[in-house]
Protein chains: 2
Amino acid sequence: MIAEIIAAGSEMLTPYRQDTNSLYLTEGLNDLGVTVAFKTIVGDNLEHLTNAARIAIARADIVLFSGGLGPTEDDLTREAAAAALGRSLRRDNALLVDLAKRFAARRMTMPSNNLRQTDIIDGATILNNANGSAPGQYLDVTIDGERKIVILLPGPPKELKPLFTDVVVPMLAKSLPPRYLAKRMLRMALIPESQVDARTAPIYQQYPDVETTILAGSAEIQLHFFCAKPTAEEAQDRIDELSGRIEQEMGDSIFSSNGESLEEIVLLHLGMRHLSLAVAESCTGGLLSERLTSVPNSSTAFSGGVVVYNEQMKSAFADVPPELFERHGAVSPQVARALAEGIRARANTSLGIGITGLAGPAGGTGADALKPIGLVYIALSEGEDTQVKEFQINGDRDRVRFWATQHALEFIRQTLL
Amino acid sequence: MIAEIIAAGSEMLTPYRQDTNSLYLTEGLNDLGVTVAFKTIVGDNLEHLTNAARIAIARADIVLFSGGLGPTEDDLTREAAAAALGRSLRRDNALLVDLAKRFAARRMTMPSNNLRQTDIIDGATILNNANGSAPGQYLDVTIDGERKIVILLPGPPKELKPLFTDVVVPMLAKSLPPRYLAKRMLRMALIPESQVDARTAPIYQQYPDVETTILAGSAEIQLHFFCAKPTAEEAQDRIDELSGRIEQEMGDSIFSSNGESLEEIVLLHLGMRHLSLAVAESCTGGLLSERLTSVPNSSTAFSGGVVVYNEQMKSAFADVPPELFERHGAVSPQVARALAEGIRARANTSLGIGITGLAGPAGGTGADALKPIGLVYIALSEGEDTQVKEFQINGDRDRVRFWATQHALEFIRQTLL
């Protein structure tokens with residue numbers, strides 16, 4: 001069965017806003033065995049929306065609308081879907097009473113526009129919206145001998161998501177053929193997609209019953225596996241077997257096989273070994289700290305650090321000897337090492353990280369003047385021992401900064417393995 | 001004239017990937033006076049893509065395809081567009097020679113699949129792609145008495161963007177009615193959208209010839225103005241007049257009227273006054289430093305700071321007296337003040353910012369145990385004088401952290417005004 005998702009709203013046809021509901025809906029539909037074949041984004045225009053609705057009902061088995069169920073004159077999904085289905089709208093009395101009560105409870109007069117939210121397509125099941133005033137609608141009908149499921153959902157994500165997951169998914173699950181599935185995502189940092197594909201394709205191609213997707217993200221590669229079978233056990237077995245063989249092939253390159261982020265994994269490794277970490281960041285400007293502290297409870301392993309954006313700060317907060325700047329430049333293995341060792345000693349942690357580099361767009365000055373943009377040194381101090389690595393990162397300022405933090409996290413992970 | 005954008009690629013029908021090219025294309029089309037009325041996302045399936053192409057050519061004046069021009073069997077946009085137009089494909093000899101030369105220069109054998117990239121729709125103008133091997137195609141044709149412009153663009157953004165802006169936009173500009181426009185964006189931080197609308201609507205509604213869009217972003221509101229006129233001067237005059245009146249109404253709430261980010265504006269204010277800044281962050285974990293250092297050349301005004309994620313770090317790096325934690329808790333106006341004053345003194349800067357708060361999901365401990373999640377204290381020290389503000393921010397960890405940095409930046413900006 002194939003689905004089409006129609007996102008209604010003129011703001012999604014501007015350069016500033018995107019439909020994101022469809023990503024959420026797609027995941028839920030895929031889990032039910034439904035493939036999304038088309039997505040259409042259309043403005044608040046009755047003719048355009050009705051045209052899109054007609055086309056979708058003709059070419060897809062399941063059509064989901066998101067948005068256009070509010071009380072304003074721009075909210076036209078009810079009218080468009082009804083017209084495309086050749087059905088009429090009826091004002092629902094029970095909904096009307098409910099809505100009137102909501103307004104009365106807040107001692108507000110109900111604007112007459114709100115009555116439109118009680119218009120229901122003939123034959124539709126009303127889906128109660130626990131988080132807003134616009135109910136969803138669900139139709140399972142036969143048109144020209146073909147079964148069509150048409151679903152209307154409100155646009156705000158905090159209304160759409162619970163309504164879809166708690167109400168629509170169980171309704172669809174009951175009316176579609178039963179299906180059991182297993183999923184798994186393997187994540188690898190800082191490895192070229194082509195290398196992952198070359199090494200894993202000979203394995204996953206032996207599993208035609210498992211849908212494999214390779215995705216290149218921000219300085220990471222994800223391998224997604226998806227398998228549907230007549231029983232849950234069969235599906236899980238296939239996924240486990242394939243994942244096991246891929247994990248054997250890719251070894252330590254895989255940082256996570258249950259979806260955790262690299263920063264979560266690093267914090268997990270630190271926690272398991274009762275280790276603490278502090279960082280001294282120059283070119284990454286706090287991004288490494290920010291990524292680590294984005295994880296709840298990160299304070300158990302991460303003590304914090306310093307953002308030392310000039311030479312005085314590097315010396316004042318991480319005890320970098322000032323003569324290093326003149327002799328080697330701030331972007332040097334020597335300064336990276338001093339940062340790592342300095343912050344570790346000052347913060348009294350098990351591990352210290354020092355990062356220095358040229359994020360661009362401007363180049364370095366003084367002893368760094370001839371160094372290329374994208375050059376980054378990262379040092380990891382464990383006390384007696386300090387390792388320093390050199391990286392040349394391509395791309396703009398944002399990319400250099402992000403990849404540098406990815407290298408730092410991967411440096412810690414590989415050292416702790 | 002209305003346009004439809006068709007994004008071709010099965011990966012954009014998964015839960016993991018989105019079409020983003022259309023945002024870029026939409027901006028360029030709007031500037032030409034063309035409204036995007038539909039966006040369709042379709043997979044690498046000839047039947048589906050041809051169906052989408054036929055519908056688009058029927059309902060829009062301009063149809064832009066992005067993606068599906070590569071050499072693989074999944075790249076089907078050429079075939080689909082040709083079928084929908086009822087035209088044939090011809091293999092272009094000049095392109096073939098070029099492509100063969102590219103491979104020869106790299107001493108590579110050209111896989112025969114690559115020949116598909118030289119297939120041109122009958123009557124199309126070839127658009128040279130400076131950043132990839134797949135050329136674009138441009139057709140300006142009459143179908144059933146209606147003029148249709150059909151454009152095929154490669155999917156990778158670094159190929160699509162220059163090809164669109166440098167080649168397609170000038171071609172469209174030459175063949176569409178001339179048009180002059182002016183644009184302006186006003187940005188305001190931390191002010192409710194309803195308040196902005198209530199205060200500005202009575203003004204912008206007097207300018208029906210200016211298209212006004214209010215957008216709520218991350219802790220900011222943007223007002224976009226867009227005006228097209230027979231002359232550039234007329235358009236600019238209208239925008240200037242409206243902006244001027246809105247700026248008068250909203251006053252200092254507007255942090256930027258030329259698109260600069262709040263962090264850029266803060267750095268600009270600091271630079272103009274030859275002031276330097278250092279920050280001591282607890283709950284924001286480096287995000288404030290990260291936002292400031294994301295701006296090129298931020299080091300001229302921003303010295304850096306510390307991420308002090310436990311009590312020992314707060315004392316060791318920002319001289320917070322340890323007794324404050326027991327007496328008032330780490331999340332207290334007293335600790336915020338000590339952080340701001342401590343980091344300012346230590347970093348020897350003109351200004352110091354201290355941030356402490358509960359980002360959640362876990363609550364505070366010790367003296368902070370009863371404090372609500374989302375409580376944040378921010379202090380700004382200017383040496384003799386230190387101001388402390390209290391905020392209660394709703395939402396999850398990410399939101400609390402981001403809004404706290406927005407409050408801190410706005411605190412600095414308002415103080416410097």
Side-chain angles (χ1 to χ4, degrees), chain A residues 11-18 20 23-24 26-27 30 35-43 45 48 51-52 55 59 213 215 222 224 278 281 285-290 292-294 296-299 302-310 312-313 316-317 346-348 360-362 397-398 401, chain B residues 11-18 20 23-24 26-27 30 35-43 45 48 51-52 55 59 213 215 222 224 278 281 285-290 292-294 296-299 302-310 312-313 316-317 346-348 360-362 397-398 401:
Chain A
E11 72 282 4
M12 288 176 290
L13 294 172
T14 69
Y16 319 114
R17 278 286 177 280
Q18 257 189 306
T20 53
L23 299 178
Y24 186 84
T26 298
E27 186 163 13
N30 290 352
T35 302
V36 175
F38 299 94
K39 297 203 268 187
T40 300
I41 295 140
V42 60
N45 172 309
H48 291 173
N51 171 292
I55 289 164
R59 69 186 172 188
T213 309
L215 287 176
Q222 300 175 349
H224 293 261
E281 303 184 62
L287 181 58
L288 179 56
S289 292
E290 194 279 317
L292 286 162
T293 59
S294 71
N297 295 316
S298 40
S299 63
F302 181 64
S303 299
V306 294
V307 177
V308 282
Y309 225 53
N310 61 40
Q312 292 73 32
M313 292 288 286
F317 285 87
R346 280 273 194 114
N348 194 25
R397 184 176 177 88
D398 286 344
R401 285 157 53 98
Chain B
E11 72 282 4
M12 287 176 291
L13 294 172
T14 69
Y16 318 115
R17 278 287 177 279
Q18 256 188 307
T20 53
L23 299 179
Y24 187 83
T26 298
E27 188 165 11
N30 289 352
T35 302
V36 176
F38 298 94
K39 298 204 268 188
T40 300
I41 295 139
V42 60
N45 172 309
H48 290 173
N51 170 292
I55 289 164
R59 69 186 172 187
T213 310
L215 287 175
Q222 301 175 348
H224 293 260
E281 303 185 63
L287 181 58
L288 179 57
S289 291
E290 195 279 316
L292 286 162
T293 60
S294 71
N297 297 316
S298 40
S299 63
F302 182 63
S303 298
V306 294
V307 177
V308 284
Y309 226 53
N310 60 41
Q312 293 73 34
M313 292 287 285
F317 285 87
R346 280 272 194 115
N348 195 23
R397 185 176 177 88
D398 286 344
R401 284 156 53 99

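Per chain, numbering begins at 1; letters A, B, ... match sequence-line order. Computed from heavy atoms alone, side chains included, the values below leave out hydrogens, waters and symmetry copies.
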Quiz item: Among B/Gly43, B/Pro361, B/Ser303, which residue forms the greatest number of heavy-atom pairs with chain A at distances under 4.5 Å?
Solution: B/Ser303

Practice problem: For each of B/Ala52, B/Ala362, B/Ser289, B/Gly360, tally heavy-atom pairs with chain A at distances under 4.5 Å, and name the one with the top tally. | Solution: B/Ser289

Exercise. Go through the atoms of A/Val42 and report whether side chain, backbone, both or neither lie under 4.5 Å from a heavy atom of chain B.
Key: both

Quiz prompt | Per-residue contact mode, B/Thr20 against chain A (heavy atom under 4.5 angstrom) | solution = both

Quiz item: Who wins among A/Leu288, A/Val308, A/Val307 for the most heavy-atom pairs under 4.5 Å with chain B?
Solution: A/Val307

Exercise. Considering only heavy atoms and a distance below 4.5 Å, find which of B/Glu11, B/His224, B/Arg346 pairs most often with chain A.
Key: B/His224

Practice problem: Check whether any side-chain heavy atom of B/Asn51 sits under 4.5 Å from a side-chain heavy atom of A/Arg59, and report yes or no. | Solution: yes

Quiz item: Hey, which of B/Pro15, B/Gly286, B/Gly304 has the most heavy atom pairs under 4.5 Å with chain A?
Solution: B/Pro15

Quiz item: If you take all heavy atoms of A/Thr26 and B/Leu13, which pair is closest and at what distance?
Solution: CG2-O, 3.3 Å

Quiz item: Mind checking whether A/Asn310 and B/Ser299 have side chains closer than 4.5 Å, heavy atoms only?
Solution: no

Practice problem: Considering only heavy atoms and a distance below 4.5 Å, find which of A/Glu27, A/Met12, A/Arg17 pairs most often with chain B. | Solution: A/Arg17

Exercise. Just give me the residue among B/Ala278, B/Ala316, B/Ser294 that pairs up with chain A most often, heavy atom to heavy atom, under 4.5 Å.
Key: B/Ser294

Practice problem: Applying side chain to side chain contact (heavy atoms under 4.5 Å, CB included), name anything that partners B/Leu23, two or more places apart in sequence or on another chain. | Solution: A/Gln18, B/Lys39

Practice problem: Please state whether the side chain, the backbone, both or neither of B/Ala347 comes within less than 4.5 Å of a heavy atom of chain A. | Solution: both

Quiz item: Highest number of heavy-atom pairs under 4.5 Å with chain B: which of A/Val306, A/Thr35, A/Asn30, A/Asn45?
Solution: A/Val306

Practice problem: If the plane angle is over 60° it's perpendicular, under 30° parallel, otherwise tilted; pick one for A/Phe38 and B/His48. | Solution: tilted

Quiz item: Looking at side-chain heavy atoms only, is the closest gap between A/Arg401 and B/Thr293 below 4.5 Å?
Solution: yes

Quiz item: Where on B/Val36 is there a heavy atom nearer than 4.5 Å to chain A: the side chain, the backbone, both, or neither?
Solution: both

Quiz prompt | Gap separating the CD1 atom of B/Ile55 from the OG1 atom of A/Thr40, nearest 0.5 angstrom | solution = 8.0 Å

